[in-house]
Amino acid sequence: MKRRAVKVITIGTVCLVTGCAYALLCRALGFGIPCVFHLVTGLQCPGCGVSRMFISLLSLDFAAALRYNAAVLCLLPIGVAVAADYAVVYIKYGAKTPHRWAELCVWLMIGVLVAFGALRNLI
């Protein structure tokens with residue numbers, strides 16, 4: 001169990017450090033990694049604007065974060081809860097599946113993001 005906890009903490013730390021480094025790089029250079037889907041199709045994918053949303057959140061500019069990607073911002077607390085559940089279940093039981101509510105939330109988030117991706121290009 002201790003090895004799994006160290007693994008979860010290590011992966012979480014690497015993700016956090018990488019995200020912060022990317023945010024600092026985006027702020028310093030003024031641009032980030034372009035969306036390949038948008039470059040090819042000219043349409044916005046459900047994830048377009050997420051980098052700018054997180055950079056706005058780091059500046060505590062919630063209005064700008066909402067404008068950049070409202071769906072991901074609204075789903076963020078649910079995603080954090082689901083990720084925490086996955087981590088706790090993994091630490092306690094190994095490869096056991098997460099709780100049923102977490103699986104349902106993942107499917108709900110996928111549905112919301114697909115609908116958001118379609119609607120943001122129609123409006």
Side-chain angles (χ1 to χ4, degrees):
M1 183 160 106
K2 185 177 180 182
R3 285 183 59 197
R4 290 191 296 258
V6 169
K7 185 176 179 180
V8 168
I9 291 169
T10 302
I11 290 171
T13 303
V14 167
C15 289
L16 186 63
V17 168
T18 304
C20 288
Y22 177 67
L24 290 172
L25 187 67
C26 287
R27 289 188 95 171
L29 298 177
F31 63 89
I33 299 171
C35 176
V36 176
F37 182 82
H38 181 70
L39 290 175
V40 172
T41 65
L43 300 172
Q44 291 187 332
C45 76
C48 281
V50 170
S51 295
R52 290 172 287 166
M53 180 201 74
F54 276 111
I55 290 169
S56 296
L57 285 177
L58 289 173
S59 302
L60 300 177
D61 187 356
F62 298 105
L66 190 65
R67 281 192 309 275
Y68 287 131
N69 197 313
V72 172
L73 182 63
C74 293
L75 291 174
L76 195 57
I78 297 169
V80 169
V82 168
D85 184 64
Y86 272 74
V88 168
V89 168
Y90 174 73
I91 290 169
K92 284 186 177 180
Y93 308 111
K96 188 179 176 196
T97 58
H99 294 103
R100 184 80 177 133
W101 69 266
E103 290 181 4
L104 292 173
C105 284
V106 168
W107 286 108
L108 171 76
M109 290 188 299
I110 290 169
V112 167
L113 289 174
V114 168
F116 176 71
L119 290 174
R120 80 188 307 192
N121 290 297
L122 293 175
I123 298 174

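- Taking all atoms of both residues into account, the shortest heavy-atom contact from Pro98 to Asp85 is CB-OD2, 3.6 Å.
- What you find for Ala65 and Ser56 is that their closest heavy atoms are N-CB, 3.7 Å.
- Side-chain heavy-atom separations under 4.5 angstrom define the hydrophobic clusters, and the remaining members of the one that includes Leu108 are Val50, Met53, Phe54, Leu57, Leu60, Phe62, Leu66, Tyr68, Val72, Leu73, Leu75, Leu76, Ile78, Val82, Tyr86, Trp101, Val106, Trp107, Met109, Ile110, Val112, Leu113, Val114.
- With rounding to the nearest 0.5 Å, the separation of CG in Leu24 from CG in Leu58 is 8.0 Å.
- Across Ala70 and Phe116, no two heavy atoms sit closer than the pair N-CZ, 4.2 Å.
- Ser59 and Arg27 share a donor-acceptor pair across their side chains, judged by distance under 3.5 Å alone.
- Note that SG of Cys48 and CG of Asn121 are 8.0 Å apart. Values are rounded to the nearest 0.5 Å.
- The two residues Ile55 and Cys26 make their nearest non-hydrogen contact at CD1-CB, 3.4 Å.
- When every heavy atom of His38 is checked against every heavy atom of Gln44, the shortest pair comes out as ND1-N, 4.1 Å.
- Here CD1 of Ile11 is found 7.0 Å from SG of Cys15. Values are rounded to the nearest 0.5 Å.
- Looking at every heavy atom in both residues, Tyr90 comes nearest to Val8 through CD2-CG2, 3.6 Å.
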